[in-house]
2 protein chains.
Amino acid sequence: MRPYKHPDPSSFALERIFHALSDPARLEIVRHLAGVEQAACGELEFGRPKSSMSHHFRILREAGLVQTHAAGTTHLNTLRKKELDARFPGLLGAILKQPR
Amino acid sequence: MRPYKHPDPSSFALERIFHALSDPARLEIVRHLAGVEQAACGELEFGRPKSSMSHHFRILREAGLVQTHAAGTTHLNTLRKKELDARFPGLLGAILKQPR
DNA sequence: TCGATAGTTCGACTAATATCGAATTAATGG
DNA sequence: CCATTAATTCGATATTAGTCGAACTATCGA
């Protein structure tokens with residue numbers, strides 16, 4: 001469990017972001033995080049095993065969508081809203097504005 | 001080569017759109033179409049074989065991103081800008097505004 | 001220090017996806 | 001009708017991705 005690596009906004013890649021968002025579980029995570037400021041990994045596993053979720057969080061982190069930091073035994077995730085809006089204005093809004 | 005099926009905007013799925021855009025070749029197609037009004041399939045194959053391109057066009061069509069209609073022996077593709085903007089305001093703009 | 005809790009990592013398995021040559025369909029022009 | 005051009009479809013293969021149990025690591029509290 002060494003520290004996570006979070007990409008710098010300058011190295012965000014649109015393809016990678018789109019790939020991250022193409023999975024229903026991950027899109028669900030992003031939508032949830034958008035309304036919540038921060039959330040522990042455990043809050044977001046909807047019946048799915050932890051190992052699967054851990055995988056999805058990694059994809060989201062490596063794409064630059066989510067930032068994770070450890071706080072005790074729980075790990076808190078946040079949407080990298082500001083950086084994403086700066087680099088891809090409108091993108092996040094388009095996703096979240098969307099009905100479902 | 002029976003007529004293509006193009007999904008109705010009401011059945012556009014964000015996951016499907018993101019998946020379509022997660023491939024470099026397809027993202028390139030979309031970016032190109034954004035500035036061109038319409039283009040034949042052949043114009044967009046950058047060294048890639050036709051069969052690969054045909055595959056990518058199908059994915060783009062089925063996601064609702066691209067509309068194709070036959071005109072003689074060539075098939076013309078257009079970005080479904082209006083429908084996409086109506087259903088996911090800001091999404092297309094965010095993609096195309098992007099530097100690279 | 002032990003046990004519980006939160007996540008990660010590993011490995012195996014399965015399912016999707018991409019690639020691309022070859023065969024096929026369709027329209028056009030001569 | 002035949003040759004050409006444009007693109008799709010088919011199949012085989014290779015790569016990538018998702019799923020999930022089991023083992024592991026780290027932190028906290030009693």
Side-chain angles (χ1 to χ4, degrees), chain A residues 1-7 13-30 32-33 36 38-79, chain B residues 1-7 13-30 32-33 36 38-79:
Chain A
M1 249 175 263
R2 54 271 189 207
Y4 301 107
K5 55 164 186 174
H6 293 99
L14 215 36
E15 287 95 329
R16 191 176 290 270
I17 288 179
F18 286 142
H19 167 250
L21 293 171
S22 69
D23 183 279
R26 294 194 291 260
L27 195 52
E28 194 176 17
I29 292 172
V30 168
H32 184 100
L33 285 179
V36 160
Q38 71 177 194
C41 301
E43 296 178 58
L44 300 169
E45 51 193 56
F46 293 103
R48 292 176 246 251
K50 280 174 186 297
S51 54
S52 298
M53 294 314 282
S54 198
H55 166 70
H56 290 309
F57 278 112
R58 188 169 59 79
I59 303 281
L60 288 169
R61 268 195 305 270
E62 289 179 357
L65 286 159
V66 164
Q67 172 123 31
T68 309
H69 75 276
T73 84
T74 89
H75 295 199
L76 295 174
N77 303 281
T78 55
L79 238 199
Chain B
M1 247 173 259
R2 54 264 186 213
Y4 300 107
K5 55 163 189 178
H6 292 100
L14 215 36
E15 286 95 329
R16 190 174 291 268
I17 288 178
F18 285 142
H19 167 252
L21 294 171
S22 70
D23 183 281
R26 294 193 292 259
L27 195 52
E28 194 176 17
I29 292 172
V30 168
H32 184 98
L33 285 179
V36 161
Q38 71 177 193
C41 301
E43 296 179 56
L44 300 169
E45 52 193 52
F46 294 103
R48 293 176 247 249
K50 280 176 185 298
S51 54
S52 298
M53 294 314 282
S54 197
H55 165 72
H56 290 308
F57 277 112
R58 189 170 57 80
I59 303 280
L60 289 169
R61 267 193 306 269
E62 290 178 357
L65 286 159
V66 165
Q67 173 123 31
T68 308
H69 75 276
T73 85
T74 89
H75 295 199
L76 294 174
N77 303 281
T78 55
L79 238 198

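Below, read A as the first sequence line, B as the second, and so on, with proteins coming before strands; counting in each chain starts at 1.
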### Task
Kindly say if A:His56 contacts the phosphate of D:dT19, meaning a side-chain N or O under 4.0 Å from OP1 or OP2.
yes
## Note on the structure
Winner on side-chain proximity to B:Cys41, out of C:dT8, D:dC20, D:dT8, is D:dT8
### Message
Donor-acceptor pair, distance only, cut-off 3.5 Å: does the side chain of B:Ser54 make one with the backbone of B:Ser51?
### Response
no
### Task
Answer yes or no: is there a side-chain heavy-atom contact under 4.5 Å between A:Tyr4 and A:His75?
yes
### Summary
Rounded to whole Å, the CD1-P distance (A:Ile59 to D:dT19) equals 11 Å
### Message
Let's test your reading of the model: under 3.5 Å, does the base of D:dG18 pair with the side chain of A:Ser52 as donor and acceptor?
### Response
no
### Task
Select one nucleotide: of D:dT9, D:dT5, C:dA18, the one nearest the side-chain heavy atoms of B:Ser54.
D:dT9
### Task
Measure from CZ on B:Arg58 to C1' on C:dT19 and round the result to the nearest Å.
13 Å
### Task
Assign A:Ala40 to base, sugar-phosphate, or nothing according to its heavy-atom contacts below 4.0 angstrom with the strands shown.
sugar-phosphate
### Query
In whole angstroms, how far is the C1' atom of D:dA17 from the NE2 atom of A:His19?
6 Å
### Query
Relative to each other, are the rings of A:Phe18 and B:Phe18 parallel, tilted or perpendicular (30° and 60° limits)?
parallel
### Query
Reckon B:Arg48 has a side-chain N or O less than 4.0 Å from the OP1 or OP2 of C:dA18?
no
### Query
Separation of B:Glu45 atom CD from C:dT19 atom P, in whole Å?
14 Å
### Task
Nearest-nucleotide wise, let me know which of B:Asn77 and A:Arg26 is further upstream toward the 5' end of DNA chain D.
B:Asn77
### Message
Could you go through A:Thr68 and A:His6, starting from their C-alpha distance and side-chain angles, then the distance that decides it, and tell me whether this counts as side chain to side chain contact (heavy atoms under 4.5 Å, CB included)?
### Response
CA-CA 8 Å; A:Thr68 309; A:His6 293 99; 4.2 Å; yes
### Task
Establish, with yes or no, whether the OP1 or OP2 oxygen of D:dG18 is under 4.0 angstrom from a side-chain nitrogen or oxygen of A:His55.
yes
### Query
Which nucleotide in the list D:dA7, D:dA17, C:dA6 gets nearest to the side chain of A:Thr74?
C:dA6
### Query
Out of C:dA18, D:dA7, C:dT8, which nucleotide sits closest to the side chain of A:Arg61?
C:dT8
### Summary
Atom CZ of B:Phe46 and atom C1' of C:dT19 are separated, to the nearest Å, by 18 Å
### Query
Tell me: NE2 of A:His69 to C1' of C:dG7, nearest whole Å?
14 Å
### Query
Closest to the A:Tyr4 side chain: D:dG18, C:dT8, C:dT5?
C:dT8
### Task
Kindly indicate whether the side chain of B:Glu45, heavy atoms from C-beta on, has any atom under 4.5 Å from the side chain of B:His56.
no
### Query
Atom NZ of B:Lys50 and atom P of D:dT5: how far apart are they, to the nearest Å?
11 Å
### Query
In whole angstrom, what separates B:Phe57's CZ from D:dT9's P?
14 Å
### Message
Determine whether a donor-acceptor pair (one donor, one acceptor, N or O, separation below 3.5 Å) exists between the side chain of B:Ser51 and the base of C:dG21.
### Response
yes
